[in-house]
Amino acid sequence: MTDVAEVIVDVPTMQTDIPFTYLVPPELQQVIQAGMRVVVPFGNSNRKVQGFVLNVKNIDEKTQEFELKAIDRVMDISPVLNQEMLALAEEMSQTTMSFKITCLQTMLPSVMKTSYEKYFVLIDEVSEDIQFDVFKGLHEISWTEAEAQGHLPLLTRLRNEDKIEVRYEVLKRNKIKTKRGFVSLLDFEQVEEVRAGIRANAHQQQCLLAVLQTLQDKTMLYQEAQKNYGLTPGTIRSAAEKKWLQIVDVEVQRDPYANHEFKETSAEQLNDEQQTACDEMVHAMDDNQATTFLLQGITGSGKTEVYLQVIAHALDQGKTGILLVPEISLTPQTVRRFKERFGEEVAVLHSGLSEGERYDEWRKIEKKQAHVVVGARSAIFAPLENIGVIVVDEEHEGSYKQEESPRYHARDIAIWRGEYHGCPVVLGSATPSLESRARAQKKVYRHLQLTKRASSEAQLPDTTVIDMRHVIAKGKMQTFSPQLLERMTEKLAREEQIVLLLNRRGYSSFIMCRDCGYVHTCPNCDISLTLHMDSYAMKCHYCGHEEAIPKICPECHSNKIRYYGTGTQKVEEELQTLFPDTGIIRMDVDTTRRKGAHEKLLDTFGRHEASILLGTQMIAKGLDFPNVTLVGVLNADTALNLPDFRSSEKTFQLLTQVSGRAGRGDKPGEVLIQTFNPEHYAIQLAKKHDYESFYQTEMVARHQGNYPPFFFTVQIVGSHEEEITVAKKMYEIAEQLVQSVSDKTIVLGPTPKAVMRVNNRYFYQIVIKYKFESELMTVLKKILNESQQEIQRGLKLTIDMEPLNFI
DNA sequence: AGCACGCCGACT
DNA sequence: GTCGGCGTGCTC
């Protein structure tokens with residue numbers, strides 16, 4: 001009988017998406033466990049690849065029909081994934097149709113993704129020139145170095161001559177940050193003896209020995225010894241040689257919030273609605289019920305306080321909690337709120353952290369130092385045990401769905417983990433997704449509502465809809481209506497602040513020739529280039545292509561090139577002209593790319609160093625500035641015109657959200673919405689803050705269009721460098737689908753995508769809408785399997801279960 | 001992915 | 001005749 005391990009190797013292909021069996025070498029028998037990462041030889045050249053151990057079992061080697069290879073080495077001392085995570089990875093790979101290895105990697109912080117380094121190793125005599133010029137007298141060089149020096153062709157030839165071979169090295173990128181410290185090797189009496197034996201004027205040594213006496217088993221950092229006692233590293237090093245102490249490396253955590261002061265806050269008084277919601281969740285937690293709650297509460301109704309108290313209850317019971325928030329609202333303001341309540345017990349995971357900081361936060365959770373995790377989408381994989389509650393705030397947010405493989409939805413993972421831990425899951429929103437709201441209606445979720453604003457004096461703002469069809473002056477589109485300008489002037493005169501939202505989706509500035517109508521488009525994609533005035537360049541938002549701004553038309557050589565559309569930069573310039581003495585802050589992807597820029601801009605606005613905050617979607621979330629009394633939405637309906645059945649829902653959610661930004665203090669707020677579709681129900685009902693009517697109206701539209709939540713959807717996207725290849729293949733797939741699904745199921749397409757060509761690849765899509773289709777997954781798997789040959793010839797196929805974007 | 005094996009064109 | 005093109009198939 002022999003120990004073997006089943007390993008998922010880091011080769012993301014369909015053919016290798018199964019466990020491979022490896023022998024456990026004797027020296028690893030006590031070490032290896034499920035959930036550890038290992039390095040294994042793979043393929044006929046035995047290149048080293050990383051793998052995850054799924055389980056270890058004992059088999060009879062006689063029943064083994066082929067020779068097994070042995071595990072090379074382990075990469076972890078203890079498992080990095082527990083049984084729950086291994087089970088979740090399996091589940092996720094099936095429901096999202098993605099490779100197991102991709103799922104496993106997704107659960108770990110990105111620094112723990114392995115990188116591979118290749119080395120060229122000399123195995124035979126080579127000429128002295130090569131020995132010195134290429135190998136620098138050593139017996140091996142790294143691939144990266146050789147490539148940089150342009151030696152690859154030469155080395156390839158040498159390899160064909162069997163003079164050198166290629167060695168694969170699996171690198172670990174996660175370095176635990178350590179600081180130098182020391183522990184005493186002597187007990188109290190031994191120190192006394194040593195002290196008696198050295199000169200009294202050896203101050204440094206005397207001092208160090210005194211420190212050692214107070215230390216006992218504790219570790220002291222060099223840093224502390226130097227700062228508090230003036231001990232130099234030299235003294236410590238020589239003490240180590242005398243065996244007084246031992247030098248050790250101490251793991252230290254980078255604390256991204258080290259410079260912030262947090263004062264502890266305690267629970268606020270809940271109103272009766274909040275209390276009822278809180279009680280229900282607490283009961284579910286105490287009874288280990290995996291109930292999903294939909295907590296629907298208008299802006300300002302105090303949802304966050306409910307989350308905080310439910311999580312606090314979990315901590316009281318010795319349990320843990322996860323709170324997911326959209327990346328965009330993970331602002332320093334919100335982070336502070338959690339830190340203030342839970343102090344050291346909270347770990348925060350978000351994209352603003354460096355890879356190292358992220359890893360440290362993850363380690364803090366793994367080592368059970370943090371019991372509460374606050375973070376964006378991927379924080380749902382936090383390695384917490386004994387979870388008491390999982391909260392998904394702003395559950396309708398699209399950013400909870402990952403847009404690359406594995407295409408998981410954090411809300412689904414939350415519910416899965418809730419089942420696993422027997423704990424409640426709380427979905428919170430002022431404007432729930434239609435799917436969640438419908439499930440609450442069908443009693444799949446427990447529906448709880450908060451209808452009162454927590455701070456009673458704050459009122460919902462007055463909302464005015466402005467019909468922009470009447471604001472076209474001299475046939476030219478205007479950015480600002482007279483009404484908005486008037487209001488802005490008024491507010492500025494009173495030294496109040498203004499937030500302006502530019503809904504930029506599908507609406508950015510491009511240039512066009514007035515004489516021949518030529519529009520500057522990307523050479524690689526079917527889309528017009530966007531004008532960026534800060535870098536004086538035309539950029540493609542799909543592939544990143546960049547070129548200079550043309551002065552004359554490349555087609556007709558006219559110099560009548562004009563800018564069209566409304567980008568944030570252009571609006572900023574217009575504002576500057578209209579209100580020359582007013583401070584304006586622009587927030588969009590360009591001005592917030594740098595780390596910490598987001599925070600800085602908001603702080604500046606918070607200190608009232610600027611009066612106007614102009615931005616895209618990112619300003620709609622969670623900001624709380626009491627002095628803002630006017631919110632202007634410059635173009636409410638650009639999203640409405642998009643060919644996506646969720647466009648009304650997205651518009652309603654956005655408008656409701658921004659309306660909540662006005663009048664949070666004691667001053668009444670006003671909202672002005674500029675639109676070309678003033679009668680549209682999404683706009684009218686957002687104006688009235690009427691979610692329920694919107695829900696009813698939209699459900700009728702979804703029912704008529706056979707859309708979710710009445711139907712499930714799948715999107716299949718194929719792409720290839722040649723249009724004919726992908727089109728043909730997609731027609732075949734659609735045909736096969738029609739043949740194998742029930743007649744109640746709708747197969748749409750294939751159709752070219754709205755932007756058909758991106759990066760010189762042609763994109764086609766098929767959408768499946770179905771109610772019951774038990775064999776669908778099997779059919780889709782079959783399609784993927786049968787497409788292997790084409791995939792190897794350059795076709796790309798992605799399957800997205802329940803996609804959020806159809807464009 | 002990466003590599004070996006295997007079958008057809010232009011070369012010492 | 002051979003070197004090398006990349007189509008095909010396999011990896012415990």
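Protein chains get the first letters and strands the later ones, always in sequence-line order, with residue 1 at the start of each.
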Enquirer: Taking A:F763 as the fixed residue, which of A:E723, A:H720, A:K753 is the one that meets the side chain to side chain contact (heavy atoms under 4.5 Å, CB included) rule?
Expert: A:K753
Enquirer: Return the value, rounded to whole Å, for the distance between atom CD of A:Q792 and atom P of C:dC10.
Expert: 11 Å
Enquirer: Please state how far atom CD in A:Q15 lies from atom C1' in B:dC3, giving the value in whole angstrom units.
Expert: 14 Å
Enquirer: Which nucleotide wins on minimum distance to the side chain of A:V11, given the candidates C:dC12, B:dA1, B:dC3?
Expert: B:dA1
Enquirer: With a 3.5 Å cut-off and no angle check, do the side chains of A:Q736 and A:E732 form a donor-acceptor pair?
Expert: no
Enquirer: Take atom CD of A:Q789 and atom C1' of C:dG9, then tell me their distance rounded to the nearest Å.
Expert: 11 Å
Enquirer: Hey, are A:E773 and A:T745 close enough side-chain-wise for a donor-acceptor pair under 3.5 Å?
Expert: yes
Enquirer: Atom CG of A:N44 and atom P of B:dA4: how far apart are they, to the nearest Å?
Expert: 6 Å
Enquirer: Stepwise, does the ring pair (Phe, Tyr, Trp, His ring centres under 6.0 Å) test hold for A:F381 with A:Y408?
Expert: CA-CA 12 Å; A:F381 300 116; A:Y408 69 91; 5.0 Å; yes
Enquirer: Would you call the rings of A:F20 and A:F42 parallel, tilted or perpendicular if under 30° counts as parallel and over 60° as perpendicular?
Expert: perpendicular
Enquirer: Between atom CD1 in A:I8 and atom P in B:dA1, what is the gap in whole Å?
Expert: 17 Å
Enquirer: Would you say a side-chain N or O of A:R793 is under 4.0 Å from OP1 or OP2 of C:dT8?
Expert: yes
Enquirer: We want to know whether A:S433 and A:R646 form a side-chain donor-acceptor pair, criterion being a heavy-atom distance below 3.5 angstrom.
Expert: no
Enquirer: Can you pull out the residues from residues 52-61 of chain A that lie within a 4.0 Å heavy-atom distance of DNA chain C?
Expert: none
Enquirer: With a cut-off of 6.0 Å (strictly less than), are more than 12 heavy atoms of other residues, nucleotides or ligands near NZ of A:K782?
Expert: no
Enquirer: Scan A:E6 against the nucleic acid and name what it touches under 4.0 Å (heavy atoms): base, sugar-phosphate only, or nothing.
Expert: nothing
Enquirer: Write down the distance between CD (A:E67) and P (C:dT11), rounded to a whole number of angstrom.
Expert: 14 Å
Enquirer: May I ask you to decide whether A:E361 forms a salt bridge with A:K364, counting only side-chain N to carboxylate O separations under 4.0 Å?
Expert: yes
Enquirer: Can you list, by residue number, the residues of residues 17-33 of chain A that have a non-hydrogen atom closer than 4.0 angstrom to DNA chain C?
Expert: A:F20, A:T21, A:Y22
Enquirer: Roughly, in whole Å, what's the span from CG in A:N46 to C1' in B:dG2?
Expert: 13 Å
Enquirer: Taking CZ from A:R47 and C1' from C:dT11, how many angstroms apart are they, rounded to a whole number?
Expert: 8 Å
Enquirer: Got a list of side-chain donor-acceptor pairs under 3.5 Å for residues 789-801 of chain A, not counting sequence neighbours?
Expert:
| residue | atom | partner | partner atom | Å |
| --- | --- | --- | --- | --- |
| A:E790 | OE2 | A:K729 | NZ | 3.1 |
| A:D800 | OD1 | A:K401 | NZ | 2.6 |
| A:D800 | OD2 | A:R407 | NH1 | 3.3 |

Enquirer: Return the nearest nucleotide to the side chain of A:S45; candidates are B:dA1, C:dC12, B:dC3.
Expert: B:dC3
